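Since the structure comes first, as structure tokens, the remarks are kept for the end.
Predicted model only: the values in this text are computed from it and were never measured. These values consider heavy atoms only, across backbone and side chains, with no hydrogens, waters or symmetry-generated copies. In what follows, every chain begins at residue 1, and chains take the letters A, B, ... in the order their sequences are listed.
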Amino acid sequence: MATKTKYQNRIELLQGTLDMLILKTLQWGEQHGYGISQAIRASSGEVLQVETGSLYPALHRLEHQGWVEAEWRKSESNQRAKYYRITKLGKEQLASDYERWGRMVATIEAIMTAK
Amino acid sequence: MRLFRFLRRKSDLTEELETHLKMAITERVARGQSPEDARKAALHEFGNVPMIADATRSQWGWLRLEQWLQDVRYALRQLRKEPAFTLTVVLTLALGIGANTAIFTLVQGILLRSLPVTDPSRLYRIGDKNDCCYYNNYQNDNGDFDLFSYDLYLHLKQTAPEFEQLAAVEAGGNGFSVRKGAEPARPMRSEYVSGNYFATLGVGAYAGRVLNENDDTAGAAPTLVLSYKTWQADFAADPAIVGSTIYVQLHPFVVAGIAPPGFFGDRIISNPPDFWMPLASEPVLEGANSALKNTDELWLYPLGRVRPATNIQALQAKLSVALQQWLTTRPTYADHGGVALIPRQHVVLAPAGGGIQRLQQQTGTGLRMMMILSTVVLLIACANVANLLLARCTARRADVAVRIALGASRFRVIREILTESVLLSLMGGAAGLAVAYAGSYMMLTLAFPSAKNMPVQALPSTAVLAFTFVVSVLTGIVFGTVPAWLASYAHPADALRGVNRSTADRSSLPQRILIVFQVALSMVLLAGALLMTKSLHHLEHQNFGIATRNRYVVSIDPKGVGYTVDRLPALYQQIEDRFAALPGMANVSLVRYIPLGGNMWGSCVIPQGHTAPGPKDPCFAAWDRASTRFFESIGVPIVRGRNFSAQDTATSQQVVLVNQAFARHFFPNQDPIGKHFGVGSIQYSGAFEIAGVFADFKMTDPRGEVRPLFFRPSSQLFPGYKEPDVDAAEKSSMYLNFIILDFVQAPPDVETLTRRTLAAIDPNLPVMHFSPYDAEVAGNFNQDRLLARLTSGFGALALILASVGLYGVMSYFVVRRTSEIGIRMALGAARSGVVAMMLRGALWQILIGLAIGIPAALLAGHFMASLLYGVKPYDPLAFFGAMAMLTICAAVAGFIPSRRAASIDPMKALRAD
């Protein structure tokens, strides 16, 4: 019980941001879980490493919300994998998330640069 | 199925995570790492796989289901850890749930079932009572009319186009000798039905065709439809039987077809008809004695299918008016003051989707009582199990306290314990199904020992399975709630303090209450059991007025094998002579209906010089015909006048013997000897002379008062009847269907001897039935016996459960209070003092239980009053007996643990814990 609670806290820390990053990654095309984590890592210049313990709960949460859809298909290396695709609803969500993120960054920036 | 979807998604997730791992490894290998290193590194990076799977799953919204699965697994693990506890609980519940399911199997099979016909909800019967089988007067004081003549049926049919179809069926049924080809004759049951019977019910033929209107016209070739079971059992499922001829009472009948499997007729009875014959064939078999041709003879139940959306109340009123119209036109009903009774005559339309409700009305009270009793047994079982669970939960309190301290919610703890209870009761229910099957099989065999093709089965139906499931779940919730609630109040701090070291503990109150509850319910069951047993004893061992020891009853059917009336005297003479010559034989007699055999015939008696009685005057007397030595053969003394003798011949004065009730009723304060009376019509009132009076004995109803009854000798046929049907009935009364064999001492192979003797007289005359007279009499009490045995069984079960419960609780208290008792004894308490202290606690519970149980039992006795014979509902013996039994059992159950308490070694007790 106790350990599980701890895990959930960590997800909450990343929530929002991670969802947005996943949705953004999927905008370039459908991808499986491993691919998503590699893509985020690569596009962040190896800075951001998404933990699997956060990634999969996030993916399933997004699926549950209807922002992504999933389908089992063969990968390029002929491996059966679950591919995620962003939905129309997901795209709207991404837009609003990004907008909120922008405002938040601006707000924080304003606080940090205030004299 | 939610559960299957859940399980598939779960395996999907595992695969998804594995794929991720594999991809990570493949990539690392591609980058040049060794497969082993790659695997290690990937796993390290990935993290704890099951935990991630857990966290992911929690996003699905399936959490509740999964927790539930966890609960089930946890509960199973707990139960496996304590097999003795689990077994005890499952067995207790199996008995409780099994008893309920067994009773419900019968309730469902008899009371709740619809006939297997098309749209049974539109079937209605005209009439709601069960008067049977032939009448020609008003049936009920309140004017409720339920038996109809053929003419009256046709009149109602014409009046009521609201019926799509209106059929008529015979109220009673017949046993006939049926013969196919050269095979010996077989006894079979039959029922006369109107030609539209099968059309009304919407039942087609399995093979051949069903009866139709053409079969039911006067002069049509006689046809019949066989039941599927009879076709299978008695005609070896031979398809060639359709269209062939079989002989019923020597009359040829063509088998038109076979009814579908599962169709058993228009009512649930233990001996459904083997075949159905059209009403038109009744005169063929009965000749001039036909009821069909008699306009006033009431012997049919009309059964019809109403058109959709028919107003039943309006139809009922309309039919009642039609009935009254018809009655005014019939002298039998209107004359002699009968016309005054016509306005109150009416019919009641009864839903007949479940068939004609005879068995239902006969067994309904008993079945309902059994349902209540079995529920009480289940409640006691629940109390027992709840007690065990309570004890167990208290023992597990530390465990629960730790879990609550670690953050488990109270609700979750309650749910876990409830899951465990429901799981237990489901297991109990599953085991209970076996108990139920055995139970209902036994009940059916005991209640209907002579049943053939009975349409009620012991095997549980879907409805029964559903019932058991629901009862199991409810049971689990009932006995699990209190323990669950209490356990959830475990204080985390208690766990650290060591809860087991207390004297007063909270959970002991509910346990005590449960014991009180059990004692009270057991009191009700035990008192009921004693009442029923005593009532059965009174019923069976009452003075019937006849002697049955060493007597045997042989049933024969001379009419069915072709004996004509003129050949009967010779046959009877031969039977009497041959059997009298057997060793050890005291008396041989022949009789038309045996006392307490269930069948009877009666007529309206008119003493000479009296005016004709009105339709409501109590002129009815049962009458029977017997050979000379009949009264000796059943040990009935002649109290006045003389017995039948060889001097009573066909040509001498027609004589009768009457019972004392007859003499009192028709000749109050007079000497009946030498008086004359007749039956049916005033013109015959000089027909019979009373030659003697025999002592009263019970002829039909073993519960009721002795009614007027007279006997006529087998030698005298009254030749004076002018109406052909009355004359035919008189002739048919010459057929005596029973031989009574009264032995000084019965030979060991009495049945073979009987069959051999009879075969020597006429090889064509089969023995239809052979049984000791005692068994014949006992057959009157099958249902009473079953009720008494079941109640006793339930009572014993209750007593055992309550004793075990008390024992368990007491033992538990002893363990809990070990250290307290140790201290008491260290401080100087005597052993006897400890025993007394423990027993005092138990005694209080018993006393309070009795205080509640006795009034409850009185109330129950009041409701049972209609089932009791010769016993008052507040019979003191039953009540004191129940109290004594309970107190003794409870005292023993309480004493054993108390003694154990007294044998505690103070030093050990203080050191422990």
Side-chain angles (χ1 to χ4, degrees), chain A residues 1-16 18-19 22 30-42 46 48-84, chain B residues 5-6 8-31 38 41-63 66-67 70-71 74 400 402-413 416 492:
Chain A
M1 279 281 170
T3 43
K4 208 164 174 181
T5 321
K6 207 170 96 198
Y7 237 96
Q8 276 166 347
N9 285 345
R10 217 144 80 195
I11 297 164
E12 269 162 18
L13 271 179
L14 279 168
Q15 204 162 6
L18 179 59
D19 289 5
I22 293 170
E30 49 181 57
Q31 191 56 269
H32 45 70
Y34 183 70
I36 295 170
S37 74
Q38 295 306 99
I40 292 176
R41 190 188 199 155
E46 311 281 320
L48 271 179
Q49 168 139 10
V50 184
E51 284 194 52
T52 29
S54 307
L55 174 68
Y56 284 97
L59 275 172
H60 284 247
R61 185 171 57 241
L62 293 177
E63 192 183 354
H64 191 68
Q65 298 280 357
W67 294 338
V68 301
E69 291 169 345
E71 188 190 7
W72 283 91
R73 279 207 286 108
K74 286 264 156 65
S75 73
E76 47 289 9
S77 55
N78 210 19
Q79 169 91 44
R80 218 173 89 86
K82 194 176 175 191
Y83 276 82
Y84 294 88
Chain B
R5 246 170 61 210
F6 171 77
R8 214 191 55 224
R9 273 183 84 167
K10 214 171 151 176
S11 75
D12 267 7
L13 175 63
T14 318
E15 190 182 347
E16 187 177 8
L17 296 180
E18 268 169 18
T19 315
H20 183 112
L21 255 179
K22 273 185 212 154
M23 284 175 168
I25 296 167
T26 320
E27 201 168 299
R28 273 162 210 272
V29 172
R31 263 189 267 141
L43 260 175
H44 182 74
E45 193 188 272
F46 192 91
N48 185 331
V49 182
M51 233 185 233
I52 291 169
D54 252 17
T56 309
R57 269 205 311 276
S58 71
Q59 302 298 323
W60 292 351
W62 288 94
L63 199 60
E66 196 178 8
Q67 279 184 356
Q70 270 176 13
D71 286 351
Y74 177 75
V400 172
V402 167
R403 296 186 50 193
I404 290 181
L406 288 177
S409 75
R410 192 145 278 162
F411 174 69
R412 184 78 196 264
V413 171
E416 262 172 23

>> What I want to find out is whether R41(A) reaches E45(B) closely enough, with some N-O distance under 4.0 Å, to be called a salt bridge.
In response: yes
> What closest approach, in Å, do H20(B) and G33(A) show between heavy atoms, and which atom pair accounts for it?
Replying inline: ND1-C, 4.0 Å
> How many angstroms lie between atom CD of Q38(A) and atom CE of M23(B), to the nearest 0.5 angstrom?
Replying inline: 10.0 Å
> In Å, rounded to the nearest 0.5 Å, how long is the span from CG of L13(B) to OH of Y56(A)?
Replying inline: 9.0 Å
>> Could you check whether any side-chain heavy atom of T19(B) comes within less than 4.5 Å of a side-chain heavy atom of Q79(A), counting everything from C-beta outward?
In response: yes
> So among L17(B), I52(B), L21(B), N48(B), which one has a side-chain contact (heavy atoms from CB on, under 4.5 Å) with T52(A)?
Replying inline: I52(B)
